[in-house]
Enquirer: 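Before I ask anything, here is the structure I am working with.
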Protein chains: 2
Amino acid sequence: MKRHVLLYGLVGGILIAVLKWTEYRFLVIEHSLEIYGGLTAVTFTVLGIWFGLKLTATKERVVVKEVLVPASETFAPDQRKREKLGITPREFEILELIAQGMSNREIAGKLYVSENTVKTHSSRVFDKLGAKRRTQAVQLGKEFGLLP
Amino acid sequence: MKRHVLLYGLVGGILIAVLKWTEYRFLVIEHSLEIYGGLTAVTFTVLGIWFGLKLTATKERVVVKEVLVPASETFAPDQRKREKLGITPREFEILELIAQGMSNREIAGKLYVSENTVKTHSSRVFDKLGAKRRTQAVQLGKEFGLLP
DNA sequence: GCCAAAATCACCCAAAAGTGTGACGACATT
DNA sequence: AATGTCGTCACACTTTTGGGTGATTTTGGC
């Protein structure tokens, strides 16, 4: 801002000096006043426009644009909810694999445990979720924010 | 735009007239030139700023702010994909109810058909999706954009 | 080291789900 | 009239799932 003021003074001074000089050269010219005023007007109009632009250069308008984003990108399983329901980490792990469409046998193979173990885990997680079937468990898991 | 030019000329003319008039009144004043130039400078600076603002009044920078919106709100089942997979409307209906965690018996009751009918529909939809279990059918249905 | 929670596994039984085949009627297309 | 799709249903059979009970081992905290 200070630079602007200084610049203004400088330009004004230069202009006056130039005019002083031209005054001598065109002293007797009839319309020197009009030329003089015109030059000043043009110069300061340009300066004014530039200055005005500087002042308003930062004007921004914030437009809120809603963008659909797949929720899976930002999904994080709600651990607090899980604990509130009393679901253990292992049980939750089985629930996730069930949600991926795996059978008890497949889950058992993947986790290196017996099929019976998977059954007990799934039975317990169904109880805690209040589900009667695995499909319902998946649905409830989603509603509780445990699954994407 | 034409109005602006006319206005400029008008203001310039008025200024010159005023100066002419003041010229007579302060003819002998030592620094009339400086006053004269200063007045012109101030006037046209103001005009320039105003003009500059006029020119840039509509120049707004649009800042896009992205907001995450749950995709579930705007979900619509992909009918084209459904047809591409050869899944009939009825079969799809059963798939939706399966995804909601309903048993075959419950679905049969809801749709007023026999349990066997539900079984055949579900078997066919599993074939078309390439699923071996209903949980897997739900998972694949989501991946295909058929289910939310 | 003790205790509680968690994880593991087995067995039996019942229910649900899934497979395969066949069939019938309605409806649209050819 | 013949064909094809869709929706409906039945029956037999296999597989999967779920419930209940009981037991052992592992683990983490006190």
Side-chain angles (χ1 to χ4, degrees), chain A residues 77-144 146-147, chain B residues 77-144 146-147:
Chain A
D78 189 344
Q79 294 298 328
R80 291 174 194 169
K81 190 77 182 176
R82 203 211 69 217
E83 287 171 12
K84 205 182 302 177
L85 292 169
I87 297 172
T88 70
R90 195 57 158 174
E91 287 164 357
F92 178 66
E93 203 177 350
I94 268 91
L95 177 62
E96 285 180 313
L97 296 178
I98 286 175
Q100 287 169 25
M102 297 178 75
S103 70
N104 288 339
R105 190 163 301 172
E106 286 169 342
I107 295 171
K110 186 179 179 68
L111 299 183
Y112 306 106
V113 295
S114 83
E115 200 178 328
N116 285 317
T117 302
V118 177
K119 281 190 178 185
T120 52
H121 281 314
S122 59
S123 273
R124 285 184 184 150
V125 89
F126 294 168
D127 271 351
K128 290 167 183 176
L129 287 170
K132 288 172 185 165
R133 286 167 288 282
R134 40 177 59 214
T135 48
Q136 199 178 6
V138 171
Q139 168 67 13
L140 291 170
K142 280 204 304 187
E143 286 179 8
F144 286 139
L146 301 176
L147 299 171
Chain B
D78 190 343
Q79 295 298 328
R80 290 172 195 172
K81 190 75 183 179
R82 203 211 69 215
E83 286 171 14
K84 204 181 303 179
L85 292 169
I87 298 173
T88 70
R90 195 59 159 173
E91 288 164 355
F92 178 66
E93 203 177 350
I94 268 88
L95 177 62
E96 285 179 313
L97 297 177
I98 286 175
Q100 286 169 26
M102 296 178 75
S103 70
N104 288 339
R105 189 162 300 172
E106 287 169 342
I107 295 171
K110 186 178 178 69
L111 300 182
Y112 305 107
V113 295
S114 84
E115 200 178 328
N116 284 319
T117 302
V118 176
K119 280 189 178 186
T120 54
H121 281 314
S122 59
S123 270
R124 285 183 185 150
V125 88
F126 293 167
D127 270 352
K128 289 166 184 176
L129 287 170
K132 288 172 184 165
R133 289 165 287 281
R134 40 177 56 215
T135 47
Q136 198 179 8
V138 171
Q139 167 67 12
L140 291 169
K142 280 205 304 187
E143 287 179 8
F144 286 140
L146 301 176
L147 300 171

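Naming: A, B, ... by sequence-line order, numbering from 1 per chain.
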Enquirer: Calculate the interatomic distance between Arg134(B) atom CZ and dT17(D) atom P; express it in whole Å.
Expert: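 From Arg134(B) CZ to dT17(D) P: 11 Å.
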
Enquirer: Whether Glu93(A) and Arg90(A) form a salt bridge (side-chain N of Lys/Arg under 4.0 Å from carboxylate O of Asp/Glu) is what I want to check.
Expert: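 Yes, this pair counts.
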
Enquirer: Is any side-chain N of the basic residue among Arg133(A) and Glu106(B) closer than 4.0 Å to the acidic one's carboxylate O?
Expert: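 Yes, charged N to carboxylate O under 4.0 Å.
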
Enquirer: Give, for atom OG1 of Thr135(B) and atom CG of Leu140(B), the distance between the pair rounded to the nearest 0.5 Å.
Expert: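 That separation rounds to 9.5 Å.
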
Enquirer: Side chains of Lys119(A) and Ser114(A), heavy atoms from C-beta outward: is any pair under 4.5 Å?
Expert: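 When only atoms from C-beta onward are counted, Ser114(A) and Lys119(A) do not touch, as no gap falls below 4.5 Å.
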
Enquirer: Check DNA chain D against residues 98-127 of chain B and give the residues with a non-hydrogen atom under 4.0 Å, in numerical order.
Expert: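 Within this stretch, Val113(B), Ser114(B), Asn116(B), Thr117(B), Thr120(B), His121(B), Arg124(B) sit under 4.0 Å of the strand.
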
Enquirer: How long is the straight-line distance from CG of Leu111(A) back to OG1 of Thr117(A), given to the nearest 0.5 Å?
Expert: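 The CG atom of Leu111(A) is 10.0 Å from OG1 of Thr117(A), to the nearest 0.5 Å.
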
Enquirer: Under a 4.0 Å heavy-atom cut-off, which of residues 78-95 of chain B touch DNA chain D?
Expert: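 Result for residues 78-95 of chain B: Thr88(B), Pro89(B), Arg90(B), sorted by number.
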
Enquirer: Is a side-chain donor-acceptor pair under 3.5 Å present for Gln139(A) with Glu143(A)?
Expert: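 A donor-acceptor contact under 3.5 Å links the two side chains.
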
Enquirer: Verify the neighbour count for atom NZ of Lys128(A): are there more than 12 heavy atoms of other residues, nucleotides or ligands below 6.0 Å?
Expert: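 Buried by this count: over 12 neighbours within 6.0 Å.
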
Enquirer: Taking the side chain as everything from C-beta on, heavy atoms only, tell me whether Ile94(A) gets closer than 4.5 Å to Ile107(A).
Expert: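 They are in contact (side-chain heavy atoms under 4.5 Å apart), so the answer is yes.
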
